[in-house]
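Note that the structure is a prediction, hence the values are computed from the model and not measured.
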Amino acid sequence: MNDLLNFILSQDAFRKNRLPSLYSDFAIHRKTNPDGYAVNVAAWEQALTKAAKYGYISSSHGEVSTPPKRANRKSDHLILHADRSLLRDLEIPEWGQPVALGAVLEEAFQNRMIVPLQVYKVNPASLQKPQWRLIDPGVLNPLNVMSWGLKQLKGFVVGTDESSPGLQAQEWVLVENLKEAAGGIVKQVMERSSSNTDLVYSKESFVNEFGTILNHESELSEADFDVLLLYLSRDSRAIAYDGKTIKFRPSNDAPREITQQDSTVASIKTLIATMTKQVETLEKKISELNTTAKTALHNQNRISALSAVRSKKLAERNMQQRLDTLAQLEEVYSKIEQAASHIEYVQVMDASAGVLRGLNTQIGGAAKVEDVVDELREEMSKVDEIGNIMNEAGPQIDESEIDEELEELESKEQEAREAEEAEETRRKLAELDDLEQKAKEVARTAASEQSVDSELEERLSRMSVEETTGTAT
């Protein structure tokens, strides 16, 4: 069992109890069981799309692509090569090959989940879903008319055939994977770019940078990159591309042409990357030669040690030359970045100067402002003069009358305040009288109680004496 089939059978939609239905000719149930038909079609569409995304689909060269241990194996992630070999890869002993795969691809094409590769290359509108209209001129081409006639003749002679169409050899563009890869690349570039030079790539550096955008274990194929660059430049218009140099466009107003400066920047960046890899390779080689020399000396093999040291010195010299060249290239690239920043700064300043110039033109200059201010001051002085005249024309008020009225108000206020204080004093005196009356009442009550007690004691004493006298007699 190959890796593609293992991946397909690992999907939830391809459980063991679902395999008989998925591998059957379920296209005959398109009308009798539309829900089941739609579920099976969706299962195959998603499984094939994911399998291509992770590098399990056979490439256009007929090689089965499996995820490598290192990201150096190329496979088709955006293109599905559908032919008899795909059916053989999906074959299982118990249920054979998927009979309805042709119907699945036809349904996916109707929904524009896939489009023919050759059609996509020449027709930018092929990704759009078809719209309803009275007459489609494309339907009237001779090939479609002939196909329609054969279908009608077949239905007349044999009867209606709802079975799955045969799988025709065709390369399909996987639209979902294409848009995902393009969106991921644009997002990464825009997040990491700090200047316009960071938006420029050579095709080689672009391939090296974004080869594993969909899967870290396998790289996009050359055919994938051709489709991806076509989509980014023609359909989404996220980049400007001339076949060698790629420049991302941060906005729709950005130019769509590749300039000589862009090509030069891309070349310098590619050369810096190449020199960096060469330095890393030489560093690794020097380390290995140093280990070899030490091992040879340990084994008392002077000739091998001498040869290793000589090779090490040569590698060190080569590495130093490349380091010097790399430093010069990085300095040049830094100056280019600085110059590009200066251009942006000057452009912003120029635009700002233009805005200020337009505003100053609308104002009319300093002389006009001075005239406006002088005129404003004159008009304000006129307002003050008019106000003074109107005050003089108004009724005259006798100031002595105002003083007399104020004194009268003050006297009334004083009388009211004195009356209030007298009332407060009267209230307090009344409270004191009341308290004094209560105290006298309490004192009388206490005196009365005391006299009663004295009389009671006297009676008790008299009764006691009388009792004593009677007893003695």
*Asks:* Looking only at heavy atoms, what is the nearest atom pair of Ala100 and Ser24, with distance?
*Replies:* CB-O, 3.7 Å
*Asks:* Could I get the full list of ring-ring contact (aromatic ring centres under 6.0 Å, His included) partners for Tyr120, not counting sequence neighbours?
*Replies:* none
*Asks:* Can you run down the side chain to side chain donor-acceptor pair (under 3.5 Å) pairs that involve residues 91-102, sequence neighbours left out, and say none if there aren't any?
*Replies:* Glu91-Gln97
*Asks:* Could you list the residues that satisfy side-chain contact (heavy atoms from CB on, under 4.5 Å) with Val39, not counting sequence neighbours?
*Replies:* Arg18
*Asks:* For side chain to side chain contact (heavy atoms under 4.5 Å, CB included), just list the numbers for Leu78 and Phe225, CA-CA rounded to whole Å, side-chain angles, deciding distance to a tenth of an Å, and then say yes or no.
*Replies:* CA-CA 9 Å; Leu78 311 181; Phe225 275 109; over 6 Å; no
*Asks:* With a 3.5 Å cut-off and sequence neighbours excluded, list the donor-acceptor pairs that the side chains of residues 275-291 form with protein atoms.
*Replies:*
residue : atom : partner : partner atom : Å
Thr276  : OG1  : Ile272  : O            : 2.7
Gln278  : OE1  : Arg322  : NE           : 2.9
Thr281  : OG1  : Lys277  : O            : 2.9
Asn290  : OD1  : Lys312  : NZ           : 3.2
Thr291  : OG1  : Ser287  : O            : 3.0

*Asks:* Under the side-chain hydrogen bond (donor to acceptor under 3.5 Å, both in side chains) test, which residues partner Ser221, sequence neighbours left out?
*Replies:* Asp76, Asp224
*Asks:* Before you tell me yes or no, could you show the steps for Lys50 and Glu45 under salt bridge (charged side-chain N to carboxylate O under 4.0 Å, His left out), namely the whole-Å CA-CA distance, both residues' side-chain angles and the distance that decides it to 0.1 Å?
*Replies:* CA-CA 9 Å; Lys50 289 184 179 179; Glu45 288 176 348; over 6 Å; no
*Asks:* Check residues 299-306 and write down every donor-acceptor pair under 3.5 Å in which the side-chain atom is one partner and the other belongs to a residue at least two apart or another chain.
*Replies:*
residue : atom : partner : partner atom : Å
Asn299  : ND2  : Thr295  : O            : 3.2
Asn301  : OD1  : Ser304  : N            : 3.3
Asn301  : OD1  : Ser304  : OG           : 3.3
Asn301  : ND2  : Ser304  : OG           : 2.9

*Asks:* Could you name each residue pair satisfying side chain to side chain donor-acceptor pair (under 3.5 Å) that touches residues 179-189, not counting sequence neighbours?
*Replies:* Lys53-Glu180
*Asks:* What pairs meet the salt bridge (Lys or Arg N to Asp or Glu O under 4.0 Å) rule with one or both residues in residues 260-276, with sequence neighbours excluded?
*Replies:* Lys247-Asp262
*Asks:* Among residues two or more places apart or on two chains, list those pairs meeting ring-ring contact (aromatic ring centres under 6.0 Å, His included) that have a residue in residues 238-291.
*Replies:* Tyr201-Phe248
*Asks:* Take Leu127 and Tyr231, measure what side chain to side chain contact (heavy atoms under 4.5 Å, CB included) needs, and give me the verdict at the end.
*Replies:* CA-CA 10 Å; Leu127 295 183; Tyr231 176 80; 3.8 Å; yes
*Asks:* Excluding sequence neighbours, so at least two apart, what forms side-chain hydrogen bond (donor to acceptor under 3.5 Å, both in side chains) with Tyr37?
*Replies:* Arg30, Glu107
*Asks:* Taking only residues two or more places apart in sequence, or in another chain, which ones meet Arg15 in a side-chain hydrogen bond (donor to acceptor under 3.5 Å, both in side chains)?
*Replies:* none
*Asks:* When the side chains of residues 360-376 are checked against the rest of the protein, which donor-acceptor pairs come out under 3.5 Å, sequence neighbours left out?
*Replies:*
residue : atom : partner : partner atom : Å
Asn360  : ND2  : Leu356  : O            : 3.2
Thr361  : OG1  : Arg357  : O            : 2.7

*Asks:* Looking only at non-hydrogen atoms, find the nearest pair between Leu174 and His77 and report the distance.
*Replies:* CD1-O, 3.8 Å
